[in-house]
Structure formats: C-alpha cells, structure tokens
Amino acid sequence: MKKLSILFLFLLPLLASCEEKQVYIVYFGEHKGEKALHEIEEFHHSYLYGVKQTEEEAKASLLYSYKHSINGFAALLNPDEASKLSELKEVVSVFKSNPRKYSVQTTRSWRFAGLEEEGHNVNHGFGEGSDLLKRAGYGKQVIVGLIDSGVWPESQSFTDEGMGPIPKSWKGICQNGPDFNSSHCNKKIIGARYYIKGFENYYGPLNMTEDSRSPRDRDGHGTHTASTAVGSRVKNAAALGGFARGTATGGAPLAHLAIYKVCWAIPNQEKAEGNTCFEEDMLAAIDDAIGDGVHVMSISIGTREPTPLKEDGIAIGAFHALKKNIVVACAAGNEGPAPSTLSNPSPWVITVGASGVDRAFLGPLVLGNGMKIEGQTVTPYKLDKDCPLVFAADAVASNVPKNGTSQCLPNSLSPRKVRGKIVLCMRGSGMRVAKGMEVKRAGGFGFILGNSQANGNDVIVDAHVLPATSVGYNDAMKILNYIRSTKNPMARIGLARTVLHYRPAPVMASFTSRGPNVIHPSILKPDITAPGVNILAAWSGATAPSKLYEDKRLVKYNIISGTSMACPHVAAAAALLRAIHPEWSSAAIRSALMTTAWMKNNMGQPIADQSGNAATPFQFGSGHFRPAKAADPGLVYDASYTDYLLYLCSYGVENVYPKFKCPAVSPSIYNFNYPSVSLPKLNGTLNITRTVTNVGASSSVYFFSARPPLGFAVKASPSVLFFNHVGQKKSFIVTIKAREDSMSNGHNKGEYAFGWYTWSNGHHDVRSPMAVSLA
C-alpha cells in the first residue's frame, strides 16, 4: 500500500501536466515568403522541440501549421510551455483557445437595398434606378469565401446554371467526407473544406448523428448565409407556410462560392442554442482561403464579449487577408442592446450591424374586449375561435422559481392551468420556439410571445409548432393589462400574412451589438448596417426551421435573424464592387460602402432603434448600406498595408511583418485614414488628418460641411478640395474643439455626442460619422 501511495504521488505532477494541456495559438506575424510549405512546418516544429521533452511529443502536439499568409501554429501546450514561447522576441502573441469564445451570430432584402429584382426598384433613397448588377456582371469571376457551418449543396440556390468558368486564379479543393464529394462542387460551389481538429481535441470524436464530418451543413446557418451572399436566383421560393414567397437570390448571384466549415454542433445540445467555432480551426480556414485565392470573405461569427486584439483569431486572420487585398466582412455580434458589446471591431474588417427591411409578417390577435393587435409570425397555423387566455406566471407548476415564472421554460407550466388555453409567454431566458413547445406540452392551444422591455418593439418571427404570434413590449403590456382586468380573458389568433412596403424601415434590431469600441477606441464601429431581421434564404435539408430536435418539419428556405444575416449582404455588395473596380483596395471598397450609406428610413425620418428613439452611429455606423451608390462614391479614404502596420505600431503591436520596423515615434492613432471619426475623452482641441482619393470625375471641386456633435465645433482646412485627375489624393485637417459651454448644455464627461462631416461636389456627398466624448 505504501508503494502504491508513493507511485501515486510520483504520478501527480504528470497527471496535472496532462490536465493542464490546452490548445494555444502561437503567432509570429507575416511570413517572409522565402520558405516552402514543408519548411514552414519544420520551422514551427523547431519551436515545439524547444519546450517539449521529446521530438515525438513535439510532433504529436501540433494541430495546425499556418503556412500561406499567417505565420503561426496551434498546438497542445501547458501554461509553462506557452509562457516560454511568449517570451521569445520573434513571437507576437501566444493565446489560449476558448471552446465557447466564438459562435455564429444568428429576397426582399436585396430589393430593399436598391438592387433590381425582376425589373423593379423601391424608391426610398437606398439606390433608386440601380444598374449595379449589370455593371458588375452579377458578380462574375469574383470568389466569395464563407467561413461558417458548411453548405447544403443540393439546394437550388447553388445550381451553376448560367455560371461562367471557374477563375483561373483559383487554387482551392473540394474536400471529400462521408456524405460530400467532388460531385457536390460545380461552377457555383467551386471549393469546400472542413476544419475539425480543434473541435475534436476538446470534445472528442464527432458524433455523426449530430453533424457531418465533411463540408456538408447539418445546421442551416452556413447554407443561409452562403445563399444570401451569392445564391443563384430561385423563383417561387418561400418559407414554411408560403411566407415571403418570391424570387430568392444572393446579392451577387453569378459570383463563385468557396465553403470553409469551421462551426460544429455542440454535443448533447439543441442546435437552436448555437454551435461552436474553434479559433485554431478558423485560423486554418482563413489561411487556406487566402492561399486558395478568394476575393471576399464573409464571416458571420463573433464573440459574446469584446476580445483583445492579440487574442482575436478572426482579427489576426483578417489582417493577413488585407495584404492580399481581400475584403473581409464580419458580423458585429448579437449582444445588444447593451453598449460596448461589439465583436470584430478591428479597422481592417467591415463590421456589420443588423436592421430590418420593409416586409412584415402580420399575425393578427383579437382580445375578448375587441382590441386588435398586429403581432408578427411565420407560423402557418391559426385559432379562429375564442380561447381562454392566461399569463404564464399564473399557470406555472408549484416548483418553478419566481424569476422564471413568465418565461414558459421547459416543464414550467401546469397542464391543469394551461390545457385548452392561449398562453402569454415573455422573452428573456430560453429559446423562443421552445416556449411554444412547452405550451403545447402542457396542452395549450396557442401562445403569444411578448418582448421584454430590453427588446422593445423589435419583433423576431419564428415558425412555431402551434398557433402563435409575437408582439412588442408595449403590446405585451396591453395584453397583460387586459388579462388582469377581467375574470375570463379570451383571445383568438388569426392566420398571418406577408405585407410589403411596411413602414418605418429600416429599424435597428434590438440584438445588434453596440459601440463604443472598447478594443480600438479611436475607430468608430460598427461600420454599417444591413438587413438582418427576418431574412429568407436557403436552408439545410437536415435541420428543422426551429433547429429543435423535437421539431420534425423540414424546409428548403427559412426565415431567421441576426447580424449573421446582415454580414453576407455587405460581403455580396463588396463582391459587386470588386467586379466593377478590380483595382480598388479593400479599404477603398469599405470606404465606398460607408460614405454612401443612408441614415434615414423610408418615411424620410432618422433611422430609429427598437424603442422608437433615434439610433446612433454606435448602432448603425455610417448608416444603412446602399450598394448602388457605393459603386460611384466620388472620393474614398484609402489605406495601404503599410498604413495598417503603422496603426499597429501606434496601438503597441510590433513585429507583425518581419521586413517592417516601427518608427521611433509612431503616428497618432487618431490619424489613421478611416472613413469615420471616434474621439474618446477629448480635452480641449484636437487636429486629425485625413486623405481622400478621387475616384469620380477627373475635374471636380468638393466643399466641406459639418453637423458637429452637440457641444463641439468642427472645421476643416482646407475647406475646398480641387481635383484635376482620377487617382489624385488630397489631405486635409479636421479640427474638433470642445465648446466652453458644452458642460452647461448638459453634456456629461464621458458621454458621447454624434455628428458628421461631408465633402460634396453637387453630385456626390461623401459623409463621415463622428462620435466624440469629453474628458
């Protein structure tokens, strides 16, 4: 027994060492471009040899060697080994992979954005009279890479009818799997890969009943985002019940698609609760996408909270994409309406917020007192007869905690109190469709989903499993007050219908993550907003519209919401701009989209938030995107790879590119040539420099104007810019000064005020939003 005890004590350090090993990403910056791929892997192995006991252990610990553009590797390390590597001068950063850090951020929208659909346009200022699609050849010869949960290749949205030849520059592959092979690729889906090493290292072997070890999408999210970006035109497409019937199309319907599957089903968890995307897998996918030759990346993946730059895998990967002039569009995140919640806030990506379109799915509700309330739903069921109405908190089982009584959480309702009734359930905890399932389990005939106060009047629609409609917070309170006012409350739920030209639109989504940007305070984010509420697009044939296991319904097209849906809209717009202006940099494309964005709705009023208040640039950035206008912006704020390296120097990050050394004195971080302005804690007066490039008429004159943030004065020097040829650059200084009376006018320290400045020549209005706070 004593020998066993000694042996156990001897093994303890070894056991502890094994338990402590996790995946770390070791990042060296950019490749010098001098080594072959096998030499790069040997180079990465050499660092592992330095911290591991044996050569075999070093080789076994390596998950990925990033070889194309990103210089780094992912390996199993313990904290001590990671620490030793982080102390090396040539290492930019070492950070631990977090299994729940990243997740996905879950066509009328294109017509609303001003692109032609069947010969018609919506005239509301979002790009009337657009011939953008024709000018761009519908995206021909542009390759869009989707980093997501894979693709359902059998969908009609991915037919290659009418597609041109695969670009000669393409270097990617069509990776085989148990239910995916080269026959699933065509001239639309020209490449498909999957990345699972990080996932399986953490969770163990993939459960093939939950997901597919291939590029196939068994979740729905990746198929939805891919078809939103570049899906082929499909007539008579509709969601369950025929909602949103029409022509489904991607924004760049003749662009090519490259699939990079990095997001996987979490074991033993409902798909509706989200999947997981491991950082080391995403970096490998981005590295391959760069090497494969994509022109645009769409990444509808984000974090639950802001992530420091040196620990942000998407930011690191996207930085290397910009050197190859690849435009990267990313979701802003779904953590709104709280402030300072942004995902993907780096200046080299286009950060996209979510807003609604001018389409509603009105689900009428009639209360027993005759009051009519227009909810919204895409549920194809109705209750024509009056049924008793009950508030969930009055119908719960005896063992339910008080803080969850109104939520209709699983097994919370009492069948005795619910049977045969319509139940009012409130949003908060739990999944929306699951609340309806709970009502059905308890014998309810229908349910009303009421928004919480935080969600305001921003209504998200779902295909529920019983007659149901969703209402905003104000209407939910009216219904509750009615229930409280009578002994026998009654209600009935009518059949929903699709309504077009709904007003006002757009309205900012309550869920869209907000600024200010806590990672890069001098960069105003998000950059732009695009349709992300109740969007119809293609769907996986292996997943119900609700993504709940008990839901056995299958659909070809589905309606879902999220900044995930907004992101591929902007990626598609970038693809069209790349087709028209192949010589433009990724920064020029971002600038064109931002400076031509629109800040008013289809009623001519400022875009509002979910509560009806005027939204701010911390929600919509520069405004709602207008792809047609972006094709001819007049001026652009360009930035070179060196400009970004200098920005990193100012930010305190060095050695990203071995051939570049930071200057002794880095430029002001506020002078980075961005199309918007963010000045936190301004003390007195600050001068910032910007440079614009003429991409419009060869001879033009632009005049400066400003609507300063409240409490500040804004002027430019010079205030007139003269151009005499295309490509000419002009610099100017913007002076922002805090007014002496700003505090007395109720402007508190640290509180942001918003405004904008504009360069106009009578044809173009090149507008830049501003966010400024007092020290």
Side-chain angles (χ1 to χ4, degrees), residues 63-64 68 102-104 106 143-160 163 166 170-200 203 205-232 250 255-266 271 275-278 280-294 296-301 317 537-543 547 556 564 567-568 571:
L63 267 69
Y64 290 109
H68 296 294
Y102 290 94
S103 61
V104 295
T106 234
I143 304 167
V144 178
L146 258 290
I147 317 282
D148 212 297
S149 66
V151 69
W152 190 260
E154 291 83 1
S155 171
Q156 285 181 278
S157 289
F158 305 117
T159 178
D160 64 357
M163 292 290 300
I166 295 171
W170 176 244
K171 301 182 183 71
I173 63 169
C174 196
Q175 189 175 3
N176 289 338
D179 51 5
F180 197 99
N181 57 52
S182 59
S183 69
H184 290 114
C185 289
N186 54 22
K187 287 186 287 186
K188 168 60 76 175
I189 303 174
I190 63 173
R193 299 176 185 258
Y194 68 93
Y195 304 83
I196 198 170
K197 291 179 182 178
F199 174 89
E200 290 197 325
Y203 284 113
L206 179 71
N207 183 340
M208 296 293 283
T209 65
E210 295 179 331
D211 211 331
S212 171
R213 193 185 177 85
S214 78
R216 180 171 292 278
D217 176 23
R218 298 183 67 86
D219 177 87
H221 188 277
T223 299
H224 198 282
T225 54
S227 64
T228 299
V230 301
S232 302
H256 303 280
L257 178 63
I259 294 295
Y260 301 88
K261 180 178 177 179
V262 299
C263 300
W264 302 88
I266 299 172
K271 290 181 182 178
N275 51 19
T276 186
C277 323
F278 280 74
E280 55 270 35
D281 295 335
M282 287 194 296
L283 270 172
I286 294 171
D287 193 45
D288 276 343
I290 295 170
D292 288 346
V294 304
V296 177
M297 285 190 212
S298 183
I299 306 179
S300 291
I301 299 169
W539 198 243
S540 169
T543 307
K547 297 211 289 188
K556 293 182 179 179
S564 279
C567 174

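Bear in mind the structure is a predicted one, so any value in this text is a computation, not a measurement.
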Distance from [X] atom [atom1] to [Y] atom [atom2], nearest 0.5 Å?
| X | Y | atom1 | atom2 | answer |
| --- | --- | --- | --- | --- |
| I147 | M282 | CD1 | CE | 9.0 Å |
| H224 | S155 | NE2 | OG | 11.0 Å |
| I166 | I189 | CD1 | CD1 | 11.5 Å |
| D211 | I266 | CG | CD1 | 11.0 Å |
| M163 | F158 | CE | CZ | 11.5 Å |
| D160 | C185 | CG | SG | 10.5 Å |

Are any side-chain N or O atoms of S227 and backbone N or O atoms of A538, one a donor and one an acceptor, separated by less than 3.5 Å?
yes
Looking only at heavy atoms, what is the nearest atom pair of [X] and [Y], with distance?
| X | Y | answer |
| --- | --- | --- |
| S300 | T225 | OG-CG2, 3.8 Å |
| S157 | K188 | O-CE, 4.5 Å |
| Y195 | W264 | O-NE1, 2.9 Å |
| C174 | S182 | SG-CA, 3.8 Å |
| A258 | V294 | CB-CG1, 4.2 Å |
| A285 | V262 | CB-CG1, 3.5 Å |

Determine whether Q156 and S232 satisfy the following criterion, side-chain contact (heavy atoms from CB on, under 4.5 Å), listing intermediate values before the conclusion.
CA-CA 7 Å; Q156 285 181 278; S232 302; over 6 Å; no
Who are the ring pair (Phe, Tyr, Trp, His ring centres under 6.0 Å) partners of Y194, not counting sequence neighbours?
none
Partner set under ring pair (Phe, Tyr, Trp, His ring centres under 6.0 Å) for Y260, not counting sequence neighbours:
none
With D292 as reference, evaluate H68, R193, K171 under the side chain to side chain donor-acceptor pair (under 3.5 Å) test and give the passing residue.
R193
Are [X] and [Y] ion-paired here, with the side-chain N under 4.0 Å from a carboxylate O?
| X | Y | answer |
| --- | --- | --- |
| K547 | D219 | yes |
| D179 | R216 | yes |
| K261 | D217 | no |

What I want to check is whether the side chains of Y64 and D281 have a donor and an acceptor closer together than 3.5 Å.
yes
Compare all side-chain heavy atoms of [X] with those of [Y] and state whether any distance is below 4.5 angstrom.
| X | Y | value |
| --- | --- | --- |
| H256 | V144 | no |
| M208 | P178 | yes |
| N275 | V104 | yes |

side-chain contact (heavy atoms from CB on, under 4.5 Å), that's the test. Do I143 and V296 meet it? Break it down for me.
CA-CA 7 Å; I143 304 167; V296 177; over 6 Å; no
Can you name the residues that form a disulfide (SG to SG under 2.5 Å) with C277, not counting sequence neighbours?
C263
Test side-chain contact (heavy atoms from CB on, under 4.5 Å) applied to K271 and R218, step by step:
CA-CA 9 Å; K271 290 181 182 178; R218 298 183 67 86; 3.9 Å; yes
Evaluate S212 against F180 for side-chain contact (heavy atoms from CB on, under 4.5 Å), listing each step before the verdict.
CA-CA 9 Å; S212 171; F180 197 99; 5.9 Å; no
Can you list the steps and then say if E200 with R213 is a salt bridge (charged side-chain N to carboxylate O under 4.0 Å, His left out)?
CA-CA 11 Å; E200 290 197 325; R213 193 185 177 85; 2.4 Å; yes
